[in-house]
S.K.: 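Following this message is one structure expressed as structure tokens.
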2 protein chains.
Amino acid sequence: MSSGAISAATVGRLPAYLRSLVELAAADTSTVSSDHLAERVGVNSATVRRDLASLGITGTRGVGYDVKYLVFEISVELGLNQEWPVAVVGAGNLGRALANYTGLAERGFPIRLLLDNDPAKAGTSVSGIEVHPVSRLAALVRERSVAVGVIATPAEAAQEVADALVAAGVTSILNFTAHPIAVPDQVVVRRVDLATELQILSFYQQRGLASSTGVGVPLETS
Amino acid sequence: MSSGAISAATVGRLPAYLRSLVELAAADTSTVSSDHLAERVGVNSATVRRDLASLGITGTRGVGYDVKYLVFEISVELGLNQEWPVAVVGAGNLGRALANYTGLAERGFPIRLLLDNDPAKAGTSVSGIEVHPVSRLAALVRERSVAVGVIATPAEAAQEVADALVAAGVTSILNFTAHPIAVPDQVVVRRVDLATELQILSFYQQRGLASSTGVGVPLETS
DNA sequence: TAGATTGTTAATCGATTAACAATC
DNA sequence: TAGATTGTTAATCGATTAACAATC
């Protein structure tokens with residue numbers, strides 16, 4: 001648990017640090033300076049030192065940080081030594097794509113449960129994962145020690161599903177719908193929102209901040 | 001184009017404002033106060049007034065803001081009156097899922113081009129969209145007026161694909177790989193990064209900030 | 001010792017918010 | 001007119017960064 005004062009901004013940078021450090025380790029680089037790591041990740045070196053200090057990680061003056069130690073410590077912080085079983089709610093296009101996607105299990109997030117409220121889907125299976133009715137959510141979440149809930153339903157159902165996940169004791173939720181969900185304080189929610197990302201991109205297209213080359217000119221709709 | 005000084009934070013909130021405003025419009029609410037809108041979106045009312053003012057939108061003292069006008073103005077700002085043709089690079093699991101996903105076209109981002117560097121895939125089609133070899137990227141991007149490039153390749157290819165898109169004149173890129181890409185200033189990049197989101201969630205699980213209920217207890221790997 | 005780099009303080013920056021006069 | 005709400009100033013907050021003494 002170390003210090004305890006880790007800002008959300010720092011947490012958000014940890015995956016990028018780790019990615020770069022794993023590359024350095026693969027290239028047999030044994031130590032790295034905050035300056036070098038900062039450049040690779042695209043942040044300021046003082047920020048790197050701050051972030052590492054907040055994790056209780058120290059380097060050696062005049063030398064830098066030990067790459068392997070950094071990889072180990074950040075991996076532990078990110079919980080990468082453990083498996084976090086996942087429940088996916090919604091077996092539509094997205095839910096099935098997730099069930100087919102092997103990258104989740106490879107990263108320590110095996111899908112242990114796939115749920116859908118369409119009775120016709122119950123009993124079918126996707127990539128060897130059986131689809132269960134949502135009515136069994138609470139029992140199955142407990143039975144399979146689910147740690148992370150993924151909401152892959154239509155937006156209208158997002159809050160209802162979130163409530164059911166929280167009631168079943170799930171404390172981490174990944175919301176793929178455009179609908180923001182309200183949860184108690186101790187529950188952590190992240191949103192992966194394609195619609196919002198696209199709208200932000202089109203804002204910049206629209207403003208011409210991303211253009212002037214001739215392509216990317218809008219076509220009028222209808 | 002109005003004022004011009006719109007912060008990235010403001011842009012990031014526009015989709016949420018719009019979502020809430022569309023709901024209000026559907027419920028025939030004609031005006032809304034910054035206080036009410038703020039509560040719905042989960043921000044401070046001064047922030048709402050700031051954001052709207054930065055878009056050049058004014059309300060009426062004692063009354064509030066006109067809902068329909070707000071919907072119209074924000075839609076224009078977000079470029080929602082236009083279509084932004086999309087090129088998806090990578091016809092693997094993710095690329096095909098995107099090609100199958102109707103939500104993109106519904107939101108004004110029709111997929112006009114699907115590319116893959118596997119010669120065996122060239123000529124096949126997904127949801128009626130033909131797969132072309134990556135070698136034809138530049139020509140087809142121009143021919144089909146592509147505005148937005150989506151990178152759905154393995155992470156290793158991300159930078160190379162980004163370079164090709166930029167060279168072809170694409171100025172908005174949505175990167176689905178975990179690999180950050182470097183682009184010239186005038187190009188806008190957004191990343192949708194499942195791996196990072198999951199790692200952030202597992203950080204909080206690991207720290208027990210999202211727990212104490214008994215479920216979500218980690219299982220040791222290997 | 002001389003050079004490099006950390007760990008941390010103090011300055012800076014940008015964004016959020018409280019507060020309130022203006023005004024519908 | 002009285003009540004409500006905007007538009008904006010000034011205060012606050014949190015995060016980033018420059019700078020540098022400590023020290024390997």
Side-chain angles (χ1 to χ4, degrees), chain A residues 2-17 20-21 24 29-71 73-74 77 180 200 203-204 209, chain B residues 2-17 20-21 24 29-71 73-74 77 180 200 203-204 209:
Chain A
S2 63
S3 62
I6 301 184
S7 76
T10 295
V11 175
R13 283 187 291 266
L14 294 184
Y17 291 146
S20 194
L21 288 162
L24 288 169
T29 307
S30 62
T31 62
V32 66
S33 67
S34 57
D35 205 45
H36 183 50
L37 184 55
E39 198 189 356
R40 291 177 61 100
V41 172
V43 300
N44 184 283
S45 67
T47 298
V48 170
R49 295 195 293 279
R50 267 262 136 97
D51 286 342
L52 296 179
S54 79
L55 296 175
I57 296 173
T58 58
T60 307
R61 285 166 208 242
V63 178
Y65 297 86
D66 185 86
V67 172
K68 278 186 187 155
Y69 176 65
L70 237 41
V71 167
E73 280 295 321
I74 296 178
E77 289 291 347
I200 291 171
F203 170 88
Y204 291 110
L209 303 182
Chain B
S2 63
S3 63
I6 301 183
S7 76
T10 295
V11 175
R13 283 188 291 266
L14 294 183
Y17 291 145
S20 195
L21 288 162
L24 288 169
T29 307
S30 62
T31 62
V32 65
S33 67
S34 58
D35 206 45
H36 183 50
L37 184 55
E39 198 189 356
R40 292 177 61 100
V41 170
V43 300
N44 184 285
S45 67
T47 298
V48 170
R49 295 195 295 277
R50 267 262 134 98
D51 286 342
L52 297 179
S54 80
L55 296 175
I57 295 173
T58 58
T60 307
R61 288 169 207 238
V63 178
Y65 296 87
D66 185 86
V67 172
K68 278 187 188 157
Y69 176 64
L70 238 42
V71 167
E73 280 297 321
I74 297 179
E77 288 292 348
I200 291 171
F203 170 88
Y204 291 109
L209 303 182

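So that the names make sense, note that chain A is the first sequence line, chain B the second, and so on, each numbered from 1. Please read all numbers here as calculations on a predicted model, not as lab measurements.
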S.K.: Nearest 0.5 Å please: distance from the CZ atom of F203(A) over to the CD1 atom of I6(B).
M.R.: 4.0 Å

S.K.: Once rounded to the nearest 0.5 Å, what's the spacing between atom NZ of K68(A) and atom OG1 of T29(A)?
M.R.: 11.0 Å

S.K.: Can you say whether a donor on the side chain of R50(A) sits under 3.5 Å from an acceptor on the base of dT17(D), or the other way round?
M.R.: yes

S.K.: Tell me what S45(B) touches on the nucleic acid: a base, only sugar-phosphate, or nothing, going by heavy atoms under 4.0 Å.
M.R.: nothing

S.K.: Among residues at least two apart in sequence or on other chains, which ones pass side chain to side chain donor-acceptor pair (under 3.5 Å) with T47(A)?
M.R.: none

S.K.: Show your working on side chain to side chain contact (heavy atoms under 4.5 Å, CB included) between L21(A) and I74(A) and close with a plain yes or no.
M.R.: CA-CA 10 Å; L21(A) 288 162; I74(A) 296 178; 3.7 Å; yes

S.K.: Can you tell me how far P of dC20(D) sits from CG of N44(A), to the nearest Å?
M.R.: 15 Å

S.K.: Using atom names, set out every protein N or O paired with an N or O of nucleotides 4-6 of chain D below 3.5 Å, distance rounded to 0.1 Å.
M.R.:
from, atom 1, to, atom 2, distance (Å)
dT5(D), O4', G62(B), N, 3.1
dT5(D), O2, G62(B), N, 3.4
dT6(D), OP1, S34(B), N, 2.7
dT6(D), OP2, S34(B), OG, 2.6
dT6(D), O2, R61(B), NH1, 3.1

S.K.: When Watson-Crick pairs (N1 to N3 and N6-O4 or O6-N4) and G-U wobble pairs (N1-O2 and O6-N3) count only below 3.5 Å on both distances, what is the dot-bracket string of DNA chain D, with | for other-strand pairs?
M.R.: ..||||||||||||||||||||||

S.K.: How many Å lie between CG on D51(B) and P on dG7(D), as a whole number?
M.R.: 13 Å

S.K.: Supply the atom-to-atom distance I57(A) CD1 to D51(A) CG, rounded to the nearest 0.5 angstrom.
M.R.: 9.5 Å

S.K.: For the CG atom of L24(A) and the CZ atom of R40(A), what is their distance to the nearest 0.5 Å?
M.R.: 4.0 Å

S.K.: Can you tell me how far CG of L14(B) sits from CD of E77(B), rounded to the nearest 0.5 angstrom?
M.R.: 7.5 Å

S.K.: Taking only side-chain nitrogens and oxygens of T47(B), does any of them come within less than 4.0 Å of OP1 or OP2 of dT16(C)?
M.R.: no

S.K.: Is it the case that R49(B) and S45(B) place a side-chain donor and acceptor less than 3.5 Å from each other?
M.R.: yes

